[in-house]
Amino acid sequence: MERLQEQYNKKIAPALKEKFVLKNVMQVPKISKVVVNVGVGKFKEDKKKIDQVVEDLKKITGQAPVKTLARKSIAGFKVRENQVVGIVCTLRGFKMYSFLDKLINVGLARVRDFQGVSAGGFDGRGNYHLGIKEHLVFPEISSESLENIFGLEVSIVTNAGKDEPARELLKLMNFPFKK
């Protein structure tokens with residue numbers, strides 16, 4: 001069992017149940033999935049660079065990502081139908097907890113001039129969205145063999161329904177919010 005998952009089961013869930021005075025353990029907020037998304041608008045014409053992004057995202061998440069395609073052509077953006085416009089990876093279970101552990105304890109600590117993540121990233125339904133400008137913060141990526149640097153968006157989806165329980169859940173998981 002992953003370290004963060006074990007910590008959730010033994011410490012975080014009972015603390016949340018006590019703080020929010022929940023009667024049933026099924027009411028305790030938990031993370032249901034983590035979605036990692038990369039837009040490839042800068043290099044949508046170059047298939048080699050897209051394949052490199054897919055390989056890097058595969059190293060970061062430990063799971064094969066899926067290429068998202070444009071549904072229709074938009075001449076103003078120079079996008080054609082069925083052209084690759086993004087790469088997405090949805091993590092659940094063990095891989096989700098291991099990715100979150102790596103993000104919280106290693107990835108965010110390696111961000112340049114890191115002061116903490118914004119508490120304004122919640123969407124009103126208990127989900128948190130975080131943007132990372134460079135994928136170099138993850139230890140799986142070596143900076144020597146790097147041709148293109150890309151950013152990624154991490155969406156942490158919870159079943160909390162409201163922002164306050166989800167914020168408390170992430171705080172107990174040692175998510176580094178700004179003071």
Between P165 and F20, is there a side-chain heavy-atom distance shorter than 4.5 Å?
yes
In terms of hydrophobic clusters joined by side-chain contacts under 4.5 Å, are L57 and I50 together?
yes
Testing the basics here: between H135 and L152, what is the closest heavy-atom pair and its distance to 0.1 Å?
CB-CD2, 3.8 Å
For N127 and F122: C-alpha separation, side-chain torsions, deciding distance, then whether side-chain contact (heavy atoms from CB on, under 4.5 Å) applies.
CA-CA 6 Å; N127 305 319; F122 288 94; over 6 Å; no
Compare every heavy atom of V38 with every heavy atom of G151, then report the nearest pair and how far apart it is.
O-CG1, 3.7 Å
May I ask you to test the L172-L16 pair for a side-chain heavy-atom distance under 4.5 Å?
yes
In the structure I gave you, are the side-chain heavy atoms of V36 and T90 within less than 4.5 Å of one another anywhere?
no
With no hydrogens and no angle check, is any side-chain donor or acceptor of E18 less than 3.5 Å from a backbone partner on A15?
no
Are I156 and V106 linked, directly or through intermediate hydrophobic residues, by side-chain heavy-atom contacts shorter than 4.5 Å (ILVMFWY only)?
no
Is there a side-chain contact between L100 and V154 (heavy atoms, below 4.5 Å)?
no
Full working for side-chain contact (heavy atoms from CB on, under 4.5 Å) between F150 and D56
CA-CA 10 Å; F150 59 88; D56 285 350; 3.9 Å; yes
More than 12 foreign heavy atoms under 6.0 Å from CZ of F114: is that the case here?
yes
Are the side chains of F177 and S118 in touch, meaning some heavy atoms are under 4.5 Å apart?
no
What's the verdict on side-chain contact (heavy atoms from CB on, under 4.5 Å) for L91 and K33, showing C-alpha distance, side-chain angles and the deciding distance?
CA-CA 6 Å; L91 304 170; K33 65 181 175 179; over 6 Å; no
Of all heavy-atom pairs linking R80 and I74, the shortest is NH1-O, 4.4 Å
Charged N-O contact under 4.0 Å between D51 and K58:
no
Are L130 and E153 side-chain neighbours, meaning at least one heavy-atom pair lies under 4.5 Å?
no
From C89 SG over to K95 NZ, what is the distance, rounded to the nearest 0.5 angstrom?
8.0 Å
Are M96 and Q5 close enough that some pair of their side-chain heavy atoms sits under 4.5 Å apart?
no
Between E140 and K102 the two heavy atoms that sit nearest each other are OE2-NZ, 2.7 Å
Sort and list the pairs that fulfil salt bridge (charged side-chain N to carboxylate O under 4.0 Å, His left out) and have at least one residue in residues 158-177, not counting sequence neighbours.
K19-E168, E164-R167
Considering all heavy atoms of both residues, which atom of G107 and which atom of V137 are nearest to each other, and what is their separation?
O-CB, 3.4 Å
Nearest heavy-atom neighbours spanning G126 and A166
O-CB, 3.2 Å
Determine whether the aromatic ring centres of Y97 and F99 lie less than 6.0 Å apart.
no
Treating Ile, Leu, Val, Met, Phe, Trp and Tyr as nodes and any side-chain heavy-atom pair under 4.5 angstrom as an edge, say whether V53 and L69 lie in one connected cluster.
yes
Measure the CD-NZ distance between Q27 and K17 for me, rounded to the nearest 0.5 Å.
8.5 Å
Value rounded to 0.5 Å, distance of CG in L103 from CZ in R110
12.5 Å
Above 12 or not: heavy atoms from other molecules or residues under 6.0 Å from CZ of R125?
no
How far does CZ of F138 sit from OG1 of T61, to the nearest 0.5 angstrom?
9.5 Å
Please tell me whether I132 and V35 are part of a single hydrophobic cluster in this structure, the criterion being side-chain heavy atoms less than 4.5 Å apart.
no
Going only through I, L, V, M, F, W and Y residues with side-chain contacts under 4.5 Å, is there a path from I104 to L136?
yes
Using a strict threshold of under 4.0 Å (side-chain N to carboxylate O), is an ion pair present between K10 and E6?
yes
Y8 side chain near L169 side chain, heavy-atom distance below 4.5 Å
yes
CD (E81) with more than 12 external heavy atoms under 6.0 Å
yes
CG on D101 to CZ on R3, rounded to 0.5 Å
4.0 Å
Would you sort out whether Q7 and I12 count as a side-chain contact (heavy atoms from CB on, under 4.5 Å), showing the intermediate values?
CA-CA 6 Å; Q7 182 181 357; I12 297 171; 4.1 Å; yes
For I31, does its backbone N or O pair with a side-chain atom of T158 as donor and acceptor, under 3.5 Å?
no
